[in-house]
Each structure stands twice: as structure tokens, then as C-alpha cells.
Amino acid sequence: MVSNKQPIGSGPTSLERDAQRNAVVELIKVAPVAEELGTRFAAAGHRLYLVGGSVRDALLGRLGTDLDFTTDARPEQVRELLTGWAETIWDTGIQFGTLGAFRHGTTVEITTFRADSYDRVGRNPEVAFGDTIEGDLVRRDFTVNAMAIQLPERAFVDLHGGMTDLVDKRLDTPAAPEDSFADDPLRMLRAARFVAQLGFTPSDRVVTAMTEMSAEIARITPERVQVELSKLLCGEFPRRGVELLVSSGLADHVLPEVPAMKLEIDEHHQHKDVYSHSLTVLDQAIDLEKAADPDAEPDLVLRLAALLHDIGKPATRRFESGGGVSFHHHEVVGAKMTRKRMRALRYPKDVINQVADLVFLHLRFHGYSDGQWTDSAVRRYVNDAGPLLPRLHKLVRADCTTRNKRKANALQRAYDDLEERIDRIAAEEDLAKVRPDLDGNEIMGLLGVEPGPIVGKAWKHLKELRLDRGPMSREEAVEELHRWARDQGIETPGQ
């Protein structure tokens with residue numbers, strides 16, 4: 001079937017025909033699983049279609065081994081058809097008409113045609129099964145996800161112009177976007193996510209609906225918002241996704257600290273546009289991330305830190321006499337704001353801690369000038385960053401967005417120098433494992449104390465000395481421990 005967006009009587013364009021051929025080639029790659037399944041359903045008198053994101057990805061030439069299907073068969077009939085064919089079957093989504101299965105390295109999910117209705121108060125639909133592929137496709141989020149391939153015939157089904165939109169890299173909805181987003185406001189965030197992942201441009205009517213209905217996103221749980229934001233930031237074009245969130249007003253409801261960085265710039269108090277600066281830092285951090293390891297998975301922690309590193313600036317902005325602007329301690333305020341927002345979005349604790357720590361530390365380097373830091377200061381920098389040090393390197397370098405080439409080159413040379421010093425001291429002292437020269441058991445034995453607060457305080461004191469001086473001999477460490485104990489009024493054996 002051809003797209004309904006083409007003139008009557010016209011056939012697919014050459015680009016669309018190429019895309020259709022790509023879909024068949026990609027589908028063959030996962031044969032015989034898909035065709036076996038189609039043949040099995042057809043023999044039982046049922047229709048089966050590869051559908052949604054699987055068709056879209058097949059057309060883009062990147063079909064994976066997780067395949068989505070839809071069928072007229074009801075869930076129990078699907079279970080019967082999978083039994084004896086699949087190596088594993090699971091039914092955790094059966095209340096929504098979905099069963100999953102695994103065979104020959106391919107995961108499949110099969111969902112009965114849906115004809116759901118929504119109360120437009122919450123998000124969960126009243127699940128109703130449909131009888132036609134036409135009814136199933138029209139309720140899907142976007143036209144590029146509303147195409148299907150019937151199996152085993154491999155007949156292409158495109159009732160809403162999905163192929164044309166795919167070729168034109170346009171994001172549109174099968175139904176009116178107002179109706180689509182009213183049914184499920186999460187689709188507005190998905191629009192921004194697909195823009196970030198695929199580099200598509202949303203249609204004017206989609207942007208208009210998102211802008212007018214942005215407040216409806218409050219119906220969506222924080223957990224679901226968090227998932228979409230994370231996928232957006234891990235896309236190939238996250239800046240585009242963030243810009244759509246901000247321009248549509250969605251960010252005001254899900255990540256308000258980002259649009260808040262759009263500070264009004266007083267002509268007499270010049271400073272950078274903090275919002276644009278943060279987007280550039282995000283772009284540059286991703287470039288550094290890819291340069292370090294082109295095959296690595298996207299670094300969500302680094303990307304969140306790059307986007308949020310300056311969110312403390314609006315709250316700390318001060319106009320100085322003479323036309324200057326200051327943002328004193330914006331890294332401290334920003335770290336607190338980061339923790340608060342990420343907790344509200346239900347991010348895991350370890351992700352929150354890592355992102356907030358990077359925001360807190362991102363300004364530390366600017367105290368380093370022409371190598372004037374002592375070795376002690378370098379050790380503390382490494383110690384405070386801990387396992388985040390490689391990410392901190394990227395964030396600090398990405399944070400240089402000045403157009404003054406001489407200043408930019410000077411900053412990069414200074415950081416090159418700091419990294420060289422870190423490498424040198426690390427080679428000499430094993431900086432990755434900075435710890436006191438005496439462990440807890442030795443401290444207890446030398447002080448004659450049981451486990452408790454005294455041991456922790458002594459350990460911390462010795463670690464501070466280790467950071468200041470570098471490695472000490474055992475004799476020096478024991479002497480320093482006894483000196484500390486005397487200062488604390490602690491009597492030790494033999495003293």
C-alpha cells in the first residue's frame with residue numbers, strides 16, 4: 001500500500017522504493033524466525049505483521065534482534081502458537097495483549113491489535129482488542145512508527161505516509177496531534193526523544209500541539225519522564241531534543257532549571273548566554289566522549305553533567321560595579337539543585353551522586369594557573385574526583401566555549417599540563433589508591449583502642465598528611481600517628 005500523502009495515482013519515489021528494498025533485506029537477516037512465525041500464524045488462519053519501530057529501523061537499515069509484531073489473534077491464541085516453537089515464552093504484558101518469546105537469538109513481542117480508549121485524565125488506557133491492522137496503526141504515536149510488513153507475504157502497509165515522512169526525516173502523527181497527545185502526553189516527550197535519536201524535524205502541527213499542551217505532561221509519572229530524558233540525552237543529536245523541550249515549554253515542567261538558564265543579558269553587563277553555552281558544552285563533551293572511545297555506549301552521566309553544570313548560575317548572578325557579572329559559588333548551588341531535580345525524576349542514587357559531584361567539581365580547575373598548584377593540590381584534585389576523573393577531564397575541557405582562540409588555547413594548554421602532572425605523580429605514587437600509610441588495624445594496634453570514632457579520625461588525619469606530603473615511610477607514619485594522639489590527649493601503649 002502506498003502512502004496516503006502521495007498524489008492519487010502516483011507510486012513510491014525512488015528513495016521510498018530503496019527504503020522498501022532495505023526493509024526486505026533487513027528482514028531476511030532475521031529469517032527464518034520472522035517468516036517461520038508468519039507462516040505459523042497464517043496456517044492457523046491469523047494475520048501477523050512486523051510493526052512499529054521494527055519496520056522503521058528496517059527501513060533505516062538498522063534492524064536489531066528485538067522484533068515487534070501485531071496480530072488479530074487473541075493473547076491465548078498467541079500463546080498456543082508460540083508453544084512448541086519458542087525456546088522461552090513470557091506473559092508479563094498479557095494484560096495489555098502482549099506476549100514475548102525467544103528463539104534462535106531473536107526476541108519477539110507479539111501484541112493483539114489494539115483499539116484502546118483513554119479517559120484523558122491519567123495515561124493508562126482501557127485496553128480493548130481490535131480486529132484490523134488499520135485500526136491498530138492509526139492509534140500509534142508517529143507515522144514513522146505506524147508502518148507494517150505482513151508476514152509471510154512481506155506486503156508493505158503504509159496508510160499514513162510514514163515512508164514519505166521517513167524519507168523526509170519528518171516527525172508527524174497518524175491522527176491529529178492534539179488527540180494523540182491528549183490520549184498519552186508521554187508522546188510529546190517521545191517526540192523530543194525521536195528528534196534526538198533520529199535527527200528528524202517535527203511537523204509544525206506537532207510543535208504547535210506540544211506547545212499548547214505542554215502542561216499535560218504533569219499526568220506522566222516521574223519515572224517515565226526520566227526514561228525518556230535519558231534516552232533523549234543518549235541519542236545522536238541530544239541538543240536538538242533539548243532545544244525542542246525548551247522551545248515547546250515541556251522543559252518548564254520536567255527540567256525547569258534548563259530554560260531558567262536563558263538569562264536576560266544586560267547590554268552594560270555582558271556575559272555569556274548560559275543556556276547556549278551549556279548546549280555547546282554538551283556538544284563538546286559528546287565529541288570528547290566519542291574521541292576517547294568511538295565504540296563505547298553513550299555516557300549518560302557525562303551528558304547530564306554537561307547540560308546541568310551551570311544551573312546554579314541564575315541563582316548566584318550578581319552585577320558588579322564596572323559592568324562585570326559574577327556567579328560566585330554557582331558550582332555549590334548547582335550541585336544541590338542537580339541532586340534535587342534528579343531525585344524528583346527518580347534517578348538511581350549512584351547516577352545522582354556522580355552527576356552532582358561532577359557539577360560541584362567542574363570549576364575546581366580554574367584555580368590552576370600556569371602550573372602553580374602544589375603537588376598536594378594535584379593529589380586533592382585527583383582524590384576528590386576519584387573514579388570520576390576521566391569524566392571530569394572531559395567536562396572541564398568541554399566547558400571552554402570562548403571564541404577567543406588565544407584564551408581557549410591557553411586553557412587547553414593549562415589542562416594538558418595538569419593532566420601531565422597527574423600522570424607523573426600517579427606513576428610515582430599510585431594516585432588511584434591514595435590512602436593513609438597505616439591501615440585501620442595498624443592504627444588500633446598502635447593506639448591500643450577498639451574499633452570506633454577514634455580510629456576513623458586518626459585514619460582521616462593520616463590521609464590528609466598523605467595528600468599533603470605524598471607517601472611516607474612506616475616510621476614517619478607511626479611518628480605522626482603518635483603525635484596526633486598526644487595532641488588529642490590519647491594515651492598510647494609505650495608512650
Side-chain angles (χ1 to χ4, degrees), residues 189 192-193 196 217 222-223 225-235 237-247 249-263 271-289 298-317 327-366 384-386 388-401:
L189 277 182
R193 189 245 289 184
I217 201 66
E223 290 83 357
V225 170
Q226 179 238 106
V227 168
E228 291 299 326
L229 283 176
S230 296
K231 289 180 178 179
L232 183 159
L233 286 172
C234 289
F237 311 98
R239 180 176 185 144
R240 297 187 195 180
V242 173
E243 288 175 333
L244 179 56
L245 288 180
V246 171
S247 64
L250 276 170
D252 292 334
H253 303 282
V254 301
L255 202 59
E257 295 81 2
V258 172
M261 289 190 288
K262 282 189 164 186
L263 296 175
H271 60 82
K272 293 179 182 177
D273 177 344
V274 182
Y275 169 69
S276 297
H277 163 75
S278 297
L279 293 179
T280 301
V281 173
L282 174 62
D283 286 338
Q284 294 183 166
I286 292 171
D287 289 342
L288 291 169
E289 174 190 318
D299 189 340
L300 176 62
V301 168
L302 176 63
R303 296 182 183 200
L304 279 165
L307 180 63
L308 301 177
H309 76 285
D310 273 348
I311 62 171
K313 280 192 170 180
T316 58
R317 182 173 64 163
F327 303 95
H328 293 310
H329 305 301
H330 76 267
E331 75 282 11
V332 178
V333 174
K336 292 178 180 178
M337 293 172 66
T338 295
R339 288 184 186 277
K340 183 177 180 180
R341 175 54 50 195
M342 292 185 67
R343 287 190 190 112
L345 290 170
R346 308 293 194 270
Y347 272 96
K349 185 176 180 180
D350 63 325
V351 175
I352 294 173
N353 289 339
Q354 291 175 69
V355 175
D357 286 349
L358 285 171
V359 172
F360 178 75
L361 291 168
H362 84 274
L363 210 59
R364 183 79 62 84
F365 161 71
H366 293 280
D384 290 347
L388 292 174
L389 185 62
R391 286 181 171 126
L392 184 59
H393 287 334
K394 296 182 183 72
L395 178 59
V396 172
R397 288 185 180 278
D399 195 25
C400 176
T401 62

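- Among all heavy-atom pairs drawn from Val333 and Gly312, the shortest one is CG1-CA, 4.2 Å.
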Exercise. Step by step, would you call Asp357 with Arg339 a side-chain contact (heavy atoms from CB on, under 4.5 Å)?
Worked result: CA-CA 9 Å; Asp357 286 349; Arg339 288 184 186 277; 3.3 Å; yes
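- Residues Ala251 and Pro259 come closest through the heavy atom pair CB-CD, 3.8 Å.
- Using a 4.5 Å heavy-atom cutoff, the side chains of Leu245 and Leu189 are in contact.
- Contact between Asp399 and His277 at its shortest, heavy atoms only, is OD1-NE2, 2.9 Å.
- Put simply, the side chain of Tyr347 reaches to within 4.5 Å of the side chain of Leu229, judged on heavy atoms.
- For Arg303 against Pro238, the heavy-atom pair with the smallest separation is NH1-CG, 4.3 Å.
- Using the six-membered ring where Trp is involved, His330 and His362 have ring planes that are tilted, between 30° and 60° apart.
- Salt bridge annotation for Asp287-Lys394: absent, with no cationic side-chain nitrogen under 4.0 angstrom from a carboxylate oxygen.
- Scanning all heavy atoms of the two residues, the minimum distance from Asp310 to Val274 falls at CB-CG1, 3.8 Å.
- The two atoms that bring Ala385 and Leu361 nearest to each other are CA-CD1, 3.8 Å, heavy atoms only.
- In this structure, Ile352 and Thr338 have side chains that are not in contact, with every pair of non-hydrogen atoms separated by 4.5 Å or more.
- Salt-bridge formation is not detected for the pair Glu331/Arg364: no Lys NZ or Arg NE/NH1/NH2 atom is positioned less than 4.0 Å from an Asp or Glu carboxylate oxygen.
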